[in-house]
Participant: 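My structure is below; once you've seen it, I'll send some questions.
Residue numbering restarts at 1 for every chain, and letters A, B, ... go by the order of the sequence lines.
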Protein chains: 2
Amino acid sequence: MLTRINALRTRLRRSERKVADLVLERPDDVPGSSIATLAQRAGVSEPTVIRFCRAIGCNGFQDFKLRMAAGLASGEPYVASTVSSKDSPEALSGKVFDRAIASLVQARNHLNTEALTTAVDLLLDAPRIDVYGHGVSGLVAQDAQHAFLRLGIPVMACTDPHIHRISAATLPHGSVLIAISQTGRTAELLCSAELALAAGCRVIAVTACGSPLAEISTVTLYTDVRDDTDSYTPMASRLAHLAVCDVLAMALSMRLPAASNSHLQHTPEARIGGLPGSTRA
Amino acid sequence: MLTRINALRTRLRRSERKVADLVLERPDDVPGSSIATLAQRAGVSEPTVIRFCRAIGCNGFQDFKLRMAAGLASGEPYVASTVSSKDSPEALSGKVFDRAIASLVQARNHLNTEALTTAVDLLLDAPRIDVYGHGVSGLVAQDAQHAFLRLGIPVMACTDPHIHRISAATLPHGSVLIAISQTGRTAELLCSAELALAAGCRVIAVTACGSPLAEISTVTLYTDVRDDTDSYTPMASRLAHLAVCDVLAMALSMRLPAASNSHLQHTPEARIGGLPGSTRA
DNA sequence: AGCTAGCCTGTAGCAGAACTACAAACCCCT
DNA sequence: AGGGGTTTGTAGTTCTGCTACAGGCTAGCT
């Protein structure tokens with residue numbers, strides 16, 4: 001929100017810019033103020049404040065105030081999220097964390113839940129489940145394996161293209177392949193996905209919307225961090241992908257017959273995150 | 001906020017409780033609604049809604065709306081974060097994401113920055129940097145390797161106890177070992193850390209505060225998600241650990257001479273997350 | 001059971017907030 | 001300098017949030 005104001009600042013009218021400067025200088029004061037006080041402090045008239053809100057894409061002053069409150073709470077105090085060597089350790093850690101948090105919030109709000117539902121349905125019917133990924137996404141794949149396993153669902157994670165090619169080719173009919181990729185353009189992954197599809201299997205893609213992988217997949221769980229600066233996305237999207245895999249595993253374990261996740265159903269402390277007291281490194 | 005409402009629910013009056021139930025059921029709708037609509041949907045009169053706001057400690061309806069918006073954004077929407085098999089996919093994914101977001105927010109606010117500063121100082125002087133971890137933390141260690149490498153800092157990740165024991169024993173004097181562990185009680189990790197310390201090396205622990213690992217380490221970056229339910233922490237803490245490692249790598253690269261991170265300094269798009277356009281899987 | 005005290009709930013009215021229509025002022029261009 | 005268009009402020013309207021007050025329900029006592 002603040003970054004947005006900053007970006008649009010130059011394209012605003014003179015008196016609207018006064019409002020923008022005031023908001024950028026003291027963002028905390030916005031939610032508590034009314035139009036009148038804000039207009040007075042900026043030295044402009046009340047409708048100008050409303051026009052400012054419209055100009056930056058809000059639906060009026062109320063909406064603007066709400067968004068500001070939300071933005072401040074979710075921790076986007078630093079306008080320029082660009083880190084610089086002059087930043088203090090505090091500022092730097094704040095920026096990195098804020099970025100990570102913002103990406104998760106976005107991922108939560110933009111996750112297509114109907115795709116999630118069908119993905120779970122596919123997984124329920126699958127005789128075997130494989131998870132593939134390379135590079136950082138390879139780590140996500142392995143993490144997904146952990147998450148599924150913890151919930152009593154056997155899956156196999158593959159990070160080596162030669163291995164997952166073989167595995168994909170030998171998947172029994174109806175199996176599900178979860179393909180994780182930040183870009184959705186990794187050739188080896190696309191190849192294995194097509195092999196699996198040809199063998200009558202389903203592919204659940206956790207990747208960017210509109211990518212080649214998303215195109216060929218049965219279902220795509222996109223977590224687009226459709227934000228201003230896409231240079232962040234590699235770092236941001238891996239966190240979103242981790243969370244999406246957790247959601248998948250959790251949703252699946254909920255739908256399985258009680259026997260397979262009895263350790264979750266029967267212990268009162270059992271919640272997200274697996275068995276309490278389990279000593280995981 | 002929502003947890004507060006839930007806690008006070010039984011002490012509310014009958015018609016106020018109707019409002020509470022409505023809010024708990026559909027928290028997202030609150031910020032967009034007015035008193036009138038909320039009152040109508042709850043089947044009560046408008047002043048009752050205001051009385052409800054006062055009862056839960058707010059300064060009126062406006063204040064209540066703002067706090068709700070803030071709460072939702074910072075990621076605590078669903079009261080009972082306990083997932084149940086009756087949850088819809090939306091609710092489930094919301095809960096999982098909210099949990100992840102909340103843990104990152106907490107980690108950000110509780111990260112000890114003075115420890116971060118000294119950690120960076122230690123890393124700057126280190127002739128070699130190793131990162132160890134097991135299980136899920138092993139994946140974090142590998143992810144950290146990625147992050148450091150991307151910023152031009154060579155580090156070695158180890159997830160095998162036998163290997164990192166050898167590596168720790170042969171670390172040159174002044175080297176730094178980053179030990180990642182959710183519990184801080186993994187015997188093998190403690191052993192290698194002690195070997196490194198005996199050899200005149202420093203240990204930066206990314207682990208729970210007060211754990212055995214934290215005790216023996218030179219510096220501890222604790223990311224305690226000191227929350228109500230600690231059964232979630234395994235899942236939550238791994239995200240926090242990932243972020244902490246990112247912060248470490250970023251802070252270090254900022255302090256290094258320009259030559260080693262020139263690709264960051266000279267390209268205008270260079271920001272958190274590495275080189276733009278890099279095709280990472 | 002009937003009555004009364006006290007609390008809870010809804011109606012009516014008021015102040016102020018957000019927003020809209022219109023007119024004045026400004027700027028730029030010819 | 002004058003006229004078109006844009007920008008800004010003024011006046012008015014609607015609706016929102018809030019308060020004062022009165023009716024009704026519950027509960028306890030006789």
Participant: Kindly indicate, with the supporting measurements, whether the criterion salt bridge (Lys or Arg N to Asp or Glu O under 4.0 Å) is fulfilled by A/Asp246 and B/Arg238.
Facilitator: CA-CA 12 Å; A/Asp246 280 335; B/Arg238 87 182 192 283; 2.9 Å; yes
Participant: Looking at DNA chain C, which of residues 12-21 of chain A put a heavy atom within less than 4.0 Å of it?
Facilitator: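 Under 4.0 Å from DNA chain C: no residue of residues 12-21 of chain A.
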Participant: Using a 4.5 Å cut-off on heavy atoms from C-beta on, say whether the side chain of B/Arg11 contacts that of B/Glu16.
Facilitator: no
Participant: Between the side chain of B/Ser33 and the main-chain N/O of B/Asp29, is any donor-acceptor distance below 3.5 Å?
Facilitator: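 Yes; at least one donor-acceptor contact below 3.5 Å.
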Participant: May I have the distance from A/Gln40 (atom CD) to C/dG16 (atom P), rounded to whole angstrom?
Facilitator: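 Answer to the nearest Å: 15 Å.
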Participant: Take B/Asn59 and A/Gly43, find for each the nucleotide of DNA chain D with the closest heavy atom, and name the residue whose nucleotide sits nearer the 5' end.
Facilitator: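 Looking at the nearest nucleotide for each, A/Gly43 comes out on the 5' side.
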Participant: For A/Thr48 and A/Val44, indicate whether the former's side chain and the latter's backbone hold a donor-acceptor pair under 3.5 Å.
Facilitator: no
Participant: Going by number, which of residues 45-55 of chain A have a non-hydrogen atom under 4.0 Å from DNA chain D?
Facilitator: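 Of all residues in residues 45-55 of chain A, the ones placing a heavy atom under 4.0 Å from DNA chain D are A/Ser45, A/Pro47, A/Thr48, A/Arg51.
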Participant: Flag the pair A/Asp21 / A/Arg9 as yes when at least one side-chain heavy-atom distance between them is below 4.5 Å, and no otherwise.
Facilitator: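 A side-chain contact exists here, since the closest heavy-atom pair is under 4.5 Å.
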Participant: Applying the side chain to side chain contact (heavy atoms under 4.5 Å, CB included) criterion to B/Phe64, which one of B/Ile50, B/Val23, B/Ile35 satisfies it?
Facilitator: B/Val23
Participant: Just by distance, do the side chain of A/Thr220 and the backbone of A/Tyr222 share a donor-acceptor pair under 3.5 Å?
Facilitator: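 Judged by distance alone, no pair lies under 3.5 Å.
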Participant: Say whether A/Ser137 and A/Gln182, considering side chains only, have a donor N or O and an acceptor N or O under 3.5 Å apart.
Facilitator: no
Participant: Please report, rounded to the nearest Å, how far the C1' atom of D/dG17 is from the CG atom of B/Leu66.
Facilitator: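 Those two atoms, CG and C1', are 14 Å apart.
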Participant: Using whole Å, what does the distance between atom P of nucleotide D/dT14 and atom CD1 of B/Ile35 come to?
Facilitator: 21 Å
